[in-house]
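Numbered from 1 within each chain, the chains take letters A, B, ... in sequence-line order.
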There are 2 protein chains.
Amino acid sequence: MGSAIADVAARAGVSKATASRALSGKGYVAEATRKRVVQAAEEIGFVASPNAASLVTGKTKNIGVVIPFINRWFFGEILEAIEEALLNSGFDMTLYNLHPGSAERDRVFNFFLARKRFDGVIAVGVEPTAEEAGRLLRLGIPMVSVGAPVPGIRSLTIDDVAAARVATEHLLGLGHRRVLHIGGHVADPAENTVHNLRLAGYRQAMFAAGLASEARATQTTMSVPGGYDAGTHALSDATSRPSAIFAACDEIAIGVIIAARRIGIRVPGDLSVIGIDGHEYAEMFSLTTIEQRPREQGLAAVTDLLSAVGGEPCAPEVVDMPARLVVRASTAHVGVVADAV
Amino acid sequence: MGSAIADVAARAGVSKATASRALSGKGYVAEATRKRVVQAAEEIGFVASPNAASLVTGKTKNIGVVIPFINRWFFGEILEAIEEALLNSGFDMTLYNLHPGSAERDRVFNFFLARKRFDGVIAVGVEPTAEEAGRLLRLGIPMVSVGAPVPGIRSLTIDDVAAARVATEHLLGLGHRRVLHIGGHVADPAENTVHNLRLAGYRQAMFAAGLASEARATQTTMSVPGGYDAGTHALSDATSRPSAIFAACDEIAIGVIIAARRIGIRVPGDLSVIGIDGHEYAEMFSLTTIEQRPREQGLAAVTDLLSAVGGEPCAPEVVDMPARLVVRASTAHVGVVADAV
DNA sequence: TTGAAAGCGCTAACAT
DNA sequence: ATGTTAGCGCTTTCAA
C-alpha cells in the first residue's frame with residue numbers, strides 16, 4: 001500500500017539516502033547497489049511521492065495551463081500538443097478551462113495558480129493582465145502566453161494583422177471587389193483582441209486597394225453554427241450578395257460554406273471563401289485558409305517554458321509564429337501561396 | 001515571495017497551529033484571532049502549499065483524468081464538464097491524453113497515476129484493464145470509468161446496444177429496408193468496444209425486422225472526414241445506394257450528409273441519416289440523433305468519484321445513463337421520440 | 001482557546 | 001560509495 005522509500009532502503013539493506021540516489025540517478029551509487037535498490041523498489045511497487053520530493057526540491061514537475069475553450073478545434077489542437085510535449089518531458093499538465101468573462105478567473109489566477117504547485121504556467125488565448133502575470137512572476141513561476149501578446153512575458157502569436165491582410169489580398173487578387181469580412185464578437189473578451197487585429201488587417205488591405213468604401217464587416221460567434229447563421233444572413237439577398245468572404249476563423253468559414261451550398265451557391269465558383277486556422281475540415285470543404293499550425297504553437301510554448309523552468313530565462317518578447325496561406329482545390333492541396341509573416 | 005504559514009503566524013502574533021486552524025476553518029479559533037490571521041495572510045499574500053498539506057493529510061485535492069481524444073466533440077464536452085465540476089469543488093484536474101494504442105499507456109497508468117498525487121482517477125473511454133484498475137484501487141485511489149464498463153469499478157455508460165437498436169428501428173419505422181451501418185474502426189482499441197456494441201444493436205434490429213439479409217456494415221474513422229469518405233463511397237452507385245444510414249456517431253453522420261449533398265442527394269428526403277451523440281452541429285445538418293449528453297456523464301462521474309474520495313465508496317457497478325432519440329427537422333427541435341434505455 | 005512538538009516522505013549537505 | 005542529519009511547510013495530537 002503506502003510503501004515509502006524507507007521500505008525500499010530496508011529491503012535493499014541500504015540507507016534512505018542511498019535508495020534515493022539510486023532511484024533518482026543523482027549522485028554516486030555503486031552499480032551493484034543501484035540494481036538491488038531498483039529491484040527492491042519494483043518488488044514492493046514503490047513509486048516516489050512527488051509531493052514530498054517537491055517540498056524539498058521546490059520543483060513540482062507540474063505545469064498549469066489556462067485556456068478559454070477546450071472544444072474548439074484550434075484550442076483542442078494546441079492542448080493536445082502541449083500535453084504531449086509535457087508528458088514527454090515528464091511533466092504533469094493541470095488544466096483550467098477559463099470561460100470568457102467568468103468570475104472564476106480571479107480564483108484561478110490568485111489561488112489555484114498562485115500556489116507552489118506549478119513550475120510554470122502556459123496561458124492560451126486568455127491575455128493575462130499585468131497584475132495576473134506580475135503576481136506569478138514575483139512568485140518565481142515563469143509564464144508564457146500563446147495567442148495573446150502580454151508585455152513582460154514571452155508571447156507566441158501569429159501576426160494577425162498581416163495574416164488578415166494576406167487573406168484579403170488573396171481574394172482581391174482573384175478579382176473580387178465585394179469582399180465581406182465576418183468576424184468574432186467584440187463583446188467576448190476571449191475573442192476581442194484577435195477579432196480586432198484581423199479586422200484591422202482586412203481594412204488595411206481594402207484601403208490599400210482603394211476599396212475602403214466597399215469594406216463591410218459583420219460579427220458572429222466563432223463557431224460553425226455562428227458562421228452558418230451569419231452566412232445565411234449575408235447571402236440571402238441575391239442582389240447585394242458579396243462575391244467573396246474573409247472569415248476570421250475557419251469555423252466561421254465552414255459555416256458560411258454550408259449555408260451557401262444550402263442556398264444553392266457554389267463554393268468555390270459563385271463565392272470565394274477564405275479562413276484562418278488550417279482546420280482539419282478545410283480540405284473537405286475546399287476551403288482556402290491560412291494555416292496557424294496550433295500544434296507548433298503548443299510545442300513552442302512548452303519548449304520555451306521548460307527552458308525557463310530549467311533555469312535559463314527566455315526573452316520576454318512577442319514572437320510571431322510563421323503562418324501560411326494554403327489554397328486547396330477539391331480535396332487536393334495545391335500549394336503554398338505566400339507567407340503571411 | 002515564498003511566504004510560509006510561520007510568517008502569517010508571526011505577523012498575527014499566534015502560533016503556526018492557530019494560524020493553520022484559522023485559515024483552514026478546522027478546530028476552535030476565537031473569532032477575533034481568526035480575523036487577525038486572515039488579515040495577516042492577505043497582507044503578505046500567503047497561499048498555503050498544497051504539497052506540504054498533502055504530505056500530512058494524505059489528500060491532494062487533485063484528480064487525474066485519462067482520455068483518448070481531446071479534439072473530438074463528445075470527449076471535449078465531457079472534459080469541459082469534468083473540469084468545471086472539479087474546479088467548483090476546489091479540485092485540480094491533471095489531464096493525460098492517452099492516444100489509442102500508444103506506448104505511453106503503461107507509463108501513465110503505472111507511473112503517473114500510481115504516485116500519491118491523486119485523490120482519484122476518472123478514465124474516459126479508455127477501458128482500463130483489470131491490472132490497471134486493480135493497481136490503483138490497491139493504492140487506495142478510487143476510480144470511475146466513463147463510456148466503458150470495467151468490472152469492479154463504477155462505470156457510467158449508455159446502453160450502446162439499446163441505443164443502436166432504437167436508432168435502427170427508427171429508420172425501419174420510417175419504411176426503410178436498405179439501411180446501411182457505418183461504424184468505427186475495429187482496429188482502434190479506443191473505438192472497438194463501442195463500435196461492436198452499436199453494430200450488435202443494429203444487427204438485432206435488422207434481424208428482428210426480418211431483414212437480416214439486408215444488413216450491411218462498413219467502417220471508417222470516427223470523424224467528419226471519415227464519414228465523408230465512407231459516405232462518398234457508399235453513395236456513389238445510384239442503383240445499389242442505401243435509402244438510410246445509421247452512423248455510429250454524429251461525426252460520421254455529418255460527414256455522410258456533407259458527402260450526400262455534394263453528390264446531389266437531398267438529406268433528409270432522398271436519404272435518411274441517424275447518428276449518436278447529440279452533436280452541437282446536429283440541428284444545422286437536420287440530423288436525427290440519439291443524445292448521449294456528455295456533459296451529464298462528466299458531471300455524474302465527478303459526483304460519484306468525489307463521494308468515494310470523501311469516504312463513501314460508491315457501488316462498483318455499471319450504471320447506464322439515459323440516452324434519448326431526438327428528431328430534428330430543419331432547424332427546429334421536433335421532440336423526444338423514445339428513450340433508448 | 002491556544003501552543004509545543006512530532007512527523008508526513010523525501011532530498012541534500014556533510015561526514016565518513 | 002554510503003550513511004547520518006537536518007529540514008522542506010504544513011497539520012495534528014496532546015497539554016496547558
Side-chain angles (χ1 to χ4, degrees), chain A residues 1-38 40-41 44-62 90 111 114-119 139-141, chain B residues 1-38 40-41 44-62 90 111 114-119 139-141:
Chain A
M1 180 85 96
S3 64
I5 202 172
D7 305 331
V8 177
R11 195 167 233 271
V14 296
S15 69
K16 286 198 304 175
T18 303
S20 173
R21 281 188 286 251
L23 294 172
S24 69
K26 295 174 197 294
Y28 299 103
V29 188
E31 183 53 23
T33 8
R34 201 191 59 78
K35 279 208 181 105
R36 250 188 309 134
V37 172
V38 168
I44 62 177
F46 169 80
V47 180
S49 157
N51 290 325
S54 299
L55 203 52
V56 36
T57 62
K59 295 294 170 203
T60 62
K61 284 289 199 175
N62 192 188
F111 173 68
R115 301 165 302 165
K116 281 249 155 253
R117 184 165 259 182
F118 302 113
D119 288 343
L139 286 168
I141 301 175
Chain B
M1 193 73 95
S3 64
I5 201 171
D7 304 332
V8 177
R11 194 166 236 272
V14 296
S15 70
K16 287 197 305 175
T18 304
S20 173
R21 282 188 286 253
L23 294 172
S24 70
K26 294 175 196 295
Y28 298 103
V29 188
E31 184 54 23
T33 340
R34 202 192 58 77
K35 279 209 180 103
R36 248 186 312 133
V37 172
V38 168
I44 63 177
F46 170 80
V47 180
S49 157
N51 291 325
S54 299
L55 204 51
V56 32
T57 62
K59 294 294 169 203
T60 62
K61 285 287 199 176
N62 192 188
F111 172 69
R115 301 165 301 165
K116 281 249 155 250
R117 184 165 259 181
F118 301 113
D119 288 342
L139 286 167
I141 303 176

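B/Leu55 has its CG atom 7 Å from the P atom of C/dG9, to the nearest Å. Rounded to an integer number of Å, the gap from CD1 of A/Ile5 to P of C/dA12 is 11 Å. Distance A/Asp7 CG to C/dG9 P: 9 Å, rounded to the nearest Å. When the P atom of C/dC10 is taken as reference, atom CZ of A/Arg21 falls 15 Å away, rounded to whole Å. Taking atom NZ on B/Lys59 and atom P on D/dG9, their separation rounds to 24 Å, with Å as the unit. Distance B/Asn51 CG to D/dG9 P: 11 Å, rounded to the nearest Å. Per the geometry, CZ belonging to A/Arg34 stands 12 Å off P belonging to D/dT2, to the nearest Å. Between A/Tyr28 atom OH and D/dG3 atom P there is a gap of 17 Å when expressed in whole angstrom units.
Across all strands shown, A/Ala53 has heavy atoms under 4.0 Å from sugar-phosphate atoms exclusively, and none from any base. No engagement by A/Ser54 is indicated, since no non-hydrogen atom pair under 4.0 Å with the nucleic acid exists. A/Thr33 comes within 4.0 angstrom of the backbone, heavy atoms only, and of no base.
Expressed to the nearest 0.5 Å, how far CZ of A/Arg36 lies from OG1 of A/Thr18 amounts to 9.5 Å. The distance from the CG atom of A/Asp7 to the NZ atom of A/Lys16 is 10.5 Å, given to the nearest 0.5 Å. The CD1 atom of A/Ile141 sits 5.0 Å away from the NZ atom of A/Lys116 when rounded to the nearest 0.5 Å.
Of the listed nucleotides (D/dT11, D/dT2, C/dT11), D/dT11 has the atom at the smallest distance from the side chain of B/Lys16. Here D/dT2 is the nucleotide among C/dG9, D/dG9, D/dT2 with the atom lying nearest to any side-chain atom of A/Ala30. The side chain of B/Ser49 approaches D/dC10 more closely than any other nucleotide in the set C/dT11, D/dT12, D/dC10. Here the nucleotide nearest the side chain of A/Ala17, chosen from D/dT4, D/dC10, C/dA5, is D/dT4. Of the candidate nucleotides C/dG3, D/dC10, D/dT2, C/dG3 has the atom nearest to the side chain of B/Val14.
OP1 or OP2 of D/dG3 sits under 4.0 Å from a side-chain N or O of A/Ser15. Remark: A/Thr57 is not in phosphate contact with C/dC10, judged by side-chain N or O atoms under 4.0 Å from OP1 or OP2. For A/Ser20 and C/dT11, the shortest distance from a side-chain N or O to OP1 or OP2 is below 4.0 Å. Note on A/Thr18: a side-chain N or O is less than 4.0 Å away from OP1 or OP2 of D/dG3.
Looking at which nucleotide of DNA chain D each of B/Val47 and A/Gly27 is closest to, the 5′-most match is held by A/Gly27.
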Report the C-alpha separation of B/Arg11 and B/Ser3 in whole Å, then their side-chain angles, then the decisive distance to 0.1 Å, and conclude whether the side chain to side chain contact (heavy atoms under 4.5 Å, CB included) test is met. CA-CA 11 Å; B/Arg11 194 166 236 272; B/Ser3 64; over 6 Å; no
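Considering A/Leu55, A/Asn51, A/Asp119 as possible partners of A/Thr60, the one that fulfils the side chain to side chain contact (heavy atoms under 4.5 Å, CB included) test is A/Asp119.
Side-chain contact between B/Asn62 and A/Arg117 is present, with heavy atoms from C-beta onward closer than 4.5 Å.
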